[in-house]
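Note that this is a predicted model, so its numbers are computed, not measured.
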Amino acid sequence: MNKRKILVTSALPYANGSIHLGHLVEYIQTDIWVRFQKMCFPKEDGHEIYFVCADDTHGTPIMLSAEKEGITPEVLIERVHNEHLRDFTGFHIEFDNYYTTHSPETRQYSEDIFTRLKAVDINLITTRSIEQFYDPVKNIFLPDRFIKGECPKCGAKDQYGDNCETCGAAYAPTDLKKPYSAVSSAALVTKTSEHFFFKLSDNRCVKFLQRWTREKNHLQPEAANKMREWLGEAGENKLFDWDISRDAPYFGFEIPDAPGKYFYVWLDAPIGYMGSFKNLCNRRGINFDEFWKKGSKTELYHFIGKDILYFHALFWPAMLEYAGYRTPTRIFAHGFLTINGEKMSKSRGTFITAENYLKQGLNPEWLRYYYAAKLNGTMEDIDFNLDDFTARINSDLVGKYVNIASRTAGFLVNYFDCQMADLSCEDAANILSQKSEEPKIPLTEELLGNASLIRTHLENRRYNLAISEIMTLTGKVNEYWDRQKPWDKAKQIDDATQKHALHMVSSETIECFRILTIFLKPILPKLAQMAEFFLNVEPLRWNDLWNTLPQGHQINAYEHLMTRIDRKKIDALISASK
RNA sequence: GGCGAAUUAGCUCAGUGGUUAGAGCAGCGGAAUCAUAAUCCGUUGGUCCCCAGUUCGAAUCUGGGAUUCGCUACCA
């Protein structure tokens, strides 16, 4: 059998803020996919699947934040790293490595890639003098977001450098009148300095990207279309060279042989995927080159938000290609999160951090399930509707799925010493079939018949359809149970036929619960773990779908697996987020 | 302004080889009582954004428009 070797990444969160529900869409989406792959291709069978991520730690905003707090950037990013990892762990995001871009490994590959791109035979790095706003008090060049001034059109004061809130005019930061620093309030001066550029507009890059972005499903169709817009058609060249350096003082990596020049944070951020993986390789003895060398047969997947498609679908593959590394197998972009149909907002209490969500006592798997129920593999935005959220969890998970175990377990415990019946016995088909007419198909068979469809949906990241299928099946199990009326059979427990039927029906239903648990496990790992304890089985993998619990297998007494959402908790969360 | 996406039941969403448009939740009416009130059966509800076109037939294809959201460009 073919051994799969897969490396998966989520985008690196910036070390300048807390993880919020918007971030979590991506990490939950990725985590579900990785857990699903690991279930299908277990390590014991020789497959290797790794999920790495890291904090994105460099740049002016980090430097300024640290200064504002009176600490060094190193102390700041160390603290934030711990917070981020705590939050991810709280939502059961299971990284193989959660590292930092401020690391020797990331420095090594940043320097390596830069040096290779700069080499005479490649020659994709150039230098150019550019003029930028400079804060003479702080003695730093300022990114656009820290520049304010008067609108060149209507003269409104204190406007940012992209557009005017008063008259709606759009312009460049350099158009602002009386530009000043949002950091020090000092009047800005313009100053010239030399920058390094990655020659993205070079014909080689343009041609390579026009091909790469369209072939082999590297991108989703909508993303590929977007790239077509940015890249232009064959013969056109709409790309600009990419400014990849910043002047000291800057928190980042100094560029080799260029004192006082640093790599722009967006250069080393994606390289952080390599750095994090390298760090994992060193600790676990994994062959890094096998995953990253040109022509590698391993698979590399990046999950990202649609806002950073530009970096991952243009700069990143071009950099890798010409620095002599492999390029990504596929890039999966997702949309943004809205809450009750609107952007997250502090004043409405919908800017909800991961920390707050957990602190208010909400179950992280509620959110995992809800996101999964909405995610569809496209770049469309998904909406977190609080009422729908409550209804769905309570109805689907507690009312339907968990209820199956809850209402069935007692019969096995009370009448059959917790033991499973022989589901393959001679009269099984007759007892278990839902229908009286032929062919008599036990319910478990029907569930298993949908396994490949559910698997395809999960593989394609159409979690919404997977959940829809799973819930249809969950409904069928409850219907089956109701039709069989085991409680009536229990009243005739002295009748051997009735007793046998009760045992068979209860066991069959538990077996259905086991199958549903496998389907849901990538989405609800903790709940699945509790279910595994209840079923008294080893951690379930995908192939266990066909390993029916044997006759005499003993389950444990049922303990409740999940509670309902109390609407008050949601309201408290909203209040706490204001 | 240009380009792209979206618009389906009260809510959240499926649905393109062109038949009488679907699910879950909510609502309404029943049944049941094994289950931490959880379940099951039945049922109400839709000019599939609007207009026009192609067709025997359009939620689905074409054109125009509206609204929302992105990206992009800002002219004279």
Side-chain angles (χ1 to χ4, degrees), chain A residues 152-153 162-164 168-172 175 220-233 238 240 305-310 313 333 335-343 369-415 434 457 462-491 493 502 505-506 509-510 513 557-566:
Chain A
K153 269 232 166 98
D162 50 355
N163 65 73
C164 173
Y171 42 78
D175 297 331
Q220 295 133 297
E222 326 93 86
N225 281 342
K226 183 57 75 180
M227 290 305 111
R228 201 176 287 252
E229 202 175 290
W230 287 339
L231 280 160
E233 297 302 323
K238 299 167 90 173
F240 296 96
K306 63 182 181 183
D307 53 325
I308 55 175
L309 200 52
Y310 208 101
F336 298 143
L337 180 76
T338 54
I339 297 190
N340 287 341
E342 297 180 309
K343 284 185 180 174
Y369 181 81
Y370 189 71
Y371 280 177
K374 302 304 268 301
L375 280 165
N376 61 14
T378 72
M379 302 202 306
E380 286 164 32
D381 293 351
I382 64 169
D383 185 45
F384 183 17
N385 181 287
L386 298 172
D387 291 324
D388 186 46
F389 173 66
T390 311
R392 263 199 120 113
I393 300 304
N394 289 348
S395 165
D396 289 3
L397 287 184
V398 183
K400 293 216 163 74
Y401 164 72
V402 160
N403 190 232
I404 293 171
S406 166
R407 69 195 309 203
T408 310
F411 291 101
L412 283 181
V413 173
N414 295 332
Y415 300 108
Q434 317 178 67
H457 288 326
R462 304 190 73 176
Y463 305 155
N464 60 336
L465 296 185
I467 284 202
S468 167
E469 286 298 325
I470 296 167
M471 277 309 136
T472 300
L473 299 175
T474 306
K476 285 187 180 182
V477 178
N478 276 308
E479 291 163 30
Y480 168 78
W481 181 258
D482 267 284
R483 229 177 303 118
Q484 292 287 350
K485 302 199 190 330
W487 50 92
D488 283 349
K489 292 179 169 66
K491 285 169 191 156
I493 199 72
L502 175 63
V505 168
S506 301
T509 304
I510 287 292
F513 178 75
Y558 176 80
E559 289 178 45
H560 76 269
L561 294 171
M562 183 175 269
T563 55
R564 299 166 68 79
I565 301 183
D566 184 350

Inter-nucleotide [atom1] distance ([N], [M]), Å rounded:
N     : M     : atom1 : value
B:A58 : B:U20 : P     : 9 Å
B:G46 : B:A23 : C1'   : 14 Å
B:U54 : B:U67 : P     : 28 Å
B:G45 : B:G27 : C1'   : 9 Å
B:C71 : B:C13 : C1'   : 26 Å
B:U68 : B:A26 : C1'   : 26 Å
B:G29 : B:U60 : C1'   : 36 Å
B:U44 : B:A35 : P     : 33 Å

**OP:** Establish, yes or no, whether the cationic atom of A:Lys306 lies under 6.0 Å from the six-membered ring centre of A:Phe336 and within 45° of the ring axis.
**Re:**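 Yes, A:Lys306 and A:Phe336 form such a contact.
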Keeping the roles fixed (side chain from [X], backbone from [Y]), state whether a donor-acceptor pair exists under 3.5 Å.
X        : Y        : result
A:Lys374 : A:Asp383 : yes
A:Ser406 : A:Val402 : no
A:Ser468 : A:Asn464 : no

Original post:
Side chain of A:Lys491: nearest nucleotide among B:C34, B:A14, B:U39?
Top reply: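 Closest of the options to the side chain of A:Lys491: B:C34.
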Original post:
If you check every side-chain atom of A:Asp388, which of B:G24, B:C25, B:C41 has the closest atom?
Top reply: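 That would be B:G24.
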Across all strands, who's sitting opposite [N] as a Watson-Crick or G-U wobble pair, both distances under 3.5 Å?
N     : answer
B:U62 : B:A52
B:C13 : B:G22
B:G4  : B:C69
B:U33 : none
B:G45 : none
B:C75 : none

Original post:
So does A:Trp481 reach the base of B:C40 with its side chain, donor to acceptor, closer than 3.5 Å?
Top reply: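 When only heavy-atom distances are counted, A:Trp481 does not reach the base of B:C40 through any donor-acceptor pair under 3.5 Å.
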Hey, is the side chain of [X] poking within less than 4.0 Å of OP1 or OP2 on [N], counting only N and O atoms?
X        : N     : result
A:Arg462 : B:G15 : yes
A:Lys306 : B:C71 : no
A:Asn464 : B:U12 : no
A:Lys374 : B:C13 : yes

Hey, does [X] reach any base, or is it just sugar-phosphate, or nothing, if we go heavy atoms under 4.0 Å?
X        : result
A:Ser395 : sugar-phosphate
A:Ile404 : nothing
A:Asp307 : nothing
A:Gly410 : nothing
A:Asn403 : base

**OP:** Carefully, step by step, assess A:Ile467 and A:Tyr369 under the rule side-chain contact (heavy atoms from CB on, under 4.5 Å).
**Re:** CA-CA 9 Å; A:Ile467 284 202; A:Tyr369 181 81; 3.3 Å; yes
Subject >> Closest-nucleotide 5' rank along RNA chain B - winner of A:Ala391 and A:Arg407 >> reply: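 In this pair, the answer is A:Ala391.
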**OP:** Tell me, with the steps shown, if A:Thr474 and A:Ile404 meet side-chain contact (heavy atoms from CB on, under 4.5 Å).
**Re:** CA-CA 8 Å; A:Thr474 306; A:Ile404 293 171; 3.8 Å; yes
